[in-house]
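What you are looking at is a predicted structure, and each value in this text was computed from that prediction instead of being measured. Residue numbering restarts at 1 for every chain, and letters A, B, ... go by the order of the sequence lines.
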Amino acid sequence: MLRIDDILNAAVIAGCSELFGSAPDASQVSVQRTRPEFEGERTVVVFPFTRLSKKSPEDTGTALGEYLVANCDDVIAFQVVKGFLNLSLSDSYWINELNGAVGAGAGFGLQPKASKPQVMVEYSSPNTNKPLHLGHLRNNFLGYSVSEILKAAGHDVVKVQIINDRGIHICKSMVAWLKFGEGETPESSGLKGDKLVGKYYVAFDKAYKAEVPDHGEDNAPILLEAREMLHKWENGDPEVRALWQKMNGWVYEGFDATYTEMGVDFDKLYYESNTYLIGKDQVEKGIASGAFTKRDDGSVWVDLTDRGLDEKLLLRSDGTAVYMTQDIGTAILRFEDYPALDRQVYTVGNEQEYHFKVLFEILSKLGFDQGERCHHLSYGMVELPEGKMKSREGTVVDADDLLAEMRETAEAVAVEAGKLDNIPEADRPELFKQVGYGALKYFLLRVDPKKSMMFDPKGSIDFIGNTGPYLQFNYVRSRSVLRNANIEDSTSLNISPIVSLDQTEKALLMTALSLPDIIEEAARLYDPSIVANLCYDITKSYSSWYQDHPILKEEDSDLREARLAICALCSSAVKTGMSLLGVSMPERM
RNA sequence: GGCUCUGUAGCUCAACUGGAUAGAGCAUCGCACUACGGAUGCGAAGGUUUGGGGUUCGAAUCCCUACAGAGUCACCA
């Protein structure tokens with residue numbers, strides 16, 4: 001909240017106590033921004049106090065308003081409308097805030113580094129035989145953005161992913177490559193490694209389906225071969241392991257290229273082939289401590305019915321691990337790797353909500369108190385106009401294709417608008433990425449993560465209206481103004497306290513100044529959409545203000561300086577906010 | 001069937017977590033126009049917040065209920 005809000009909160013409580021003889025509970029005090037159609041900037045809702053004052057809302061508001069004007073230096077006037085007490089703050093208050101924020105420079109809105117507990121964020125974690133698609137883009141952008149937001153809020157963040165590099169699915173691709181591949185490699189085919197392996201996964205499926213009518217689903221020869229290969233892999237067969245490493249290597253090269261394009265990164269990688277066995281020991285410990293129970297058939301279960309959940313299998317009767325077993329092991333491994341870790345955040349689709357509820361309960365049951373602080377960053381599916389993406393129907397939107405399309409669209413729009421004359425040839429590819437990827441990231445992140453969202457590939461993404469490029473365009477314009485004013489370091493701007501600001505300017509300032517609160521809230525809720533919406537609010541207000549408030553042409557030098565500062569603050573706040581979404585802002589476009 | 005989530009303008013999304021007359025963008029129509037960068041700004045039109053009850057000064061938001069959609073409830077991952 002704004003600095004003034006703390007003061008107002010306290011003053012309202014003190015005022016009630018003095019005027020009405022008893023103080024309201026802190027939770028009853030609500031200070032919010034005044035709606036633009038009314039005079040003033042901050043509003044106190046007075047209904048809760050009528051019980052104390054035993055007066056009408058209007059009289060209560062008036063009494064409180066008079067008290068606040070008398071006792072708070074920055075409150076210069078008030079107005080009561082129905083049960084709402086609207087307060088006008090002094091120009092000097094806003095100038096002070098503006099000076100403070102501009103003085104903080106690029107650090108405005110950011111908490112000191114590592115001033116809060118260490119958090120691990122897991123995201124991406126793809127299957128290694130399918131290329132990345134649109135759903136992964138939402139996952140990656142979300143995970144990356146939440147990591148950046150947590151950092152900005154002062155947490156030390158460790159970005160990780162678990163790579164699903166073993167199992168029957170990998171063996172399927174390997175079998176198909178041996179049978180049909182004729183030694184094809186990324187180099188020989190010119191295909192990206194992940195695409196090449198994906199191609200053989202599809203080839204396997206095709207061959208398998210052809211065999212099913214004659215042999216049945218469970219006895220198709222090619223499936224038996226894959227199972228045989230999985231056995232060999234588990235027994236460490238050197239040839240199988242070598243092939244496995246070769247093909248996974250191709251996939252990683254392909255994925256890395258895509259991650260680089262997306263602008264996401266990881267501090268540490270976990271591989272399922274290294275962690276899939278470690279959960280069993282933890283399950284054994286759980287049996288010993290009484291957290292889990294072993295049944296007569298040898299299977300192991302956890303009973304969570306007292307927590308409103310079900311019983312869940314942790315080890316099969318033959319002693320082999322299930323998915324949950326691995327996740328328990330991996331989670332505990334991570335707590336061991338990072339002893340200071342306060343919690344883990346898992347960026348995984350909402351179809352696994354139940355799984356993570358169970359996982360966190362189990363961690364608590366095993367004595368890890370971090371369990372109750374862990375968070376499943378659950379997100380909804382990205383749907384197409386014709387419904388869900390289905391590989392069988394060929395409606396999967398490939399990540400690399402989409403990124404390329406965004407670059408091309410950015411270029412086409414720039415050419416169409418005749419914007420490239422002043423952009424050196426060498427800088428253009430980078431610019432098209434900034435604009436194209438900015439549009440895509442903003443589009444995917446401005447929606448509340450938990451909601452499923454609609455993506456229309458044919459309509460593509462607009463570059464006007466509430467879009468990434470609109471924010472970039474206004475950023476570029478404000479940077480241009482600052483350049484023309486020869487302002488290299490805006491922290492040196494210092495606004496005279498005698499400048500008078502109009503209502504539009506105060507409202508704009510109020511919006512931009514809320515960046516620190518919004519970052520904190522977004523970190524608390526693990527929700528980048530709040531940051532995206534703030535960036536839009538600032539930009540929209542800025543653009544409207546810019547239209548009829550001359551900056552460079554303003555003749556009053558104090559006012560000119562103040563407007564330059566507003567310009568600097570808005571552009572800096574939006575740049576910071578957008579960087580938390582993984583969107584980089586061009587200087588020219 | 002049990003549990004979870006969602007339902008807001010023609011479409012895509014907001015609404016400070018219970019506050020004032022529910023706001024933006026797109027699309028439609030109109031206005032500004034040699035613009036400190038027009039990838040702009042302003043305005044019009046568009047709503048019984050899925051229906052029905054309830055709680056209270058006050059509900060898109062909380063409770064109950066009906067309806068619609070999604071997910072989940074595997075010795076799958």
Can you tell me if [X] touches the phosphate of [N], counting only side-chain N or O atoms and a distance under 4.0 Å to OP1 or OP2?
| X | N | answer |
| --- | --- | --- |
| Lys540(A) | rU40(B) | no |
| Ser452(A) | rG71(B) | no |
| Lys451(A) | rU12(B) | no |
| Arg35(A) | rA20(B) | yes |

### Query
What pattern of brackets, bars and dots sums up RNA chain B from 5' to 3', given Watson-Crick or G-U wobble pairs under 3.5 Å, [ ] for crossing pairs and | for another strand?
(((((((..((((.....[...)))).(((((.......))))).....(((((..]....))))))))))))....

Have a look at [X] and say if it touches a base, only the backbone sugar-phosphate, or nothing, with a 4.0 Å heavy-atom cut-off.
| X | value |
| --- | --- |
| Asp327(A) | nothing |
| Ile464(A) | sugar-phosphate |
| Phe84(A) | base |
| Pro57(A) | nothing |
| Ser480(A) | base |
| Met589(A) | base |
| Val413(A) | base |
| His376(A) | nothing |
| Leu85(A) | nothing |

### Query
Is Arg295(A) close enough and on-axis enough to Trp301(A), meaning under 6.0 Å and within 45°, for cation-pi?
yes

### Query
Checking Arg407(A) against Tyr437(A): charged group under 6.0 Å from the ring centre and within 45 degrees of the axis?
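Judged by the rule, Arg407(A) and Tyr437(A) form no cation-pi pair.
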
### Summary
B/S/- along nucleotides 72-77 of chain B (protein heavy atoms under 4.0 Å) is SS-BSB

### Message
Holding to side-chain hydrogen bond (donor to acceptor under 3.5 Å, both in side chains), I want the full list of residues that pass it with Thr34(A), two or more places apart in sequence or in another chain.
### Response
Thr43(A)

#### Entry: By side-chain hydrogen bond (donor to acceptor under 3.5 Å, both in side chains) - contacts of Ser27(A) (at least two apart)
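Result, side-chain hydrogen bond (donor to acceptor under 3.5 Å, both in side chains) vs Ser27(A): Asp25(A).
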
### Query
If you measure from the ring centre of Tyr536(A) to the centre of the six-membered ring in the base of rA24(B), is it under 5.5 Å, with the planes under 30° apart?
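No.
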
### Message
Tell me whether the ring of Phe47(A) lies stacked over the rG19(B) base, given a 5.5 Å limit on centroids and a 30° limit on the plane angle.
### Response
yes

### Counterpart residues, ring-ring contact (aromatic ring centres under 6.0 Å, His included), relative to Phe463(A) (two or more places apart)
none

### Summary
The ring-ring contact (aromatic ring centres under 6.0 Å, His included) partners of Phe49(A) (sequence neighbours excluded) come to none

### Query
Given rC42(B), rC16(B), rA20(B), which nucleotide is nearest the side-chain atoms of Phe38(A)?
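When the side chain of Phe38(A) is considered, rA20(B) is the closest of rC42(B), rC16(B), rA20(B).
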
### Query
To the side chain of Ser543(A), which of rA20(B), rU40(B), rA70(B) is closest?
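Nearest to the side chain of Ser543(A) among the choices is rU40(B).
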
### Message
Please determine whether the number of non-hydrogen atoms from other residues, nucleotides or ligands lying under 6.0 Å from atom CD of Glu488(A) exceeds 12.
### Response
no

### Query
How close or far is atom C1' of rG25(B) from atom CZ of Arg446(A), stated in whole angstroms?
7 Å

### Message
What is the distance, to the nearest angstrom, from the NZ atom on Lys553(A) to the P atom on rC36(B)?
### Response
4 Å

### Query
Judged by modelled atom types alone, do Arg477(A) and Ser571(A) share a side-chain donor-acceptor pair under 3.5 Å?
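No pair is found: no donor N or O on one side chain lies under 3.5 Å from an acceptor on the other.
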
### Message
Taking the six-membered ring for Trp, are Phe455(A) and Phe443(A) closer than 6.0 Å centroid to centroid?
### Response
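Between Phe443(A) and Phe455(A), which both carry aromatic rings, the centre distance is below 6.0 Å.
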
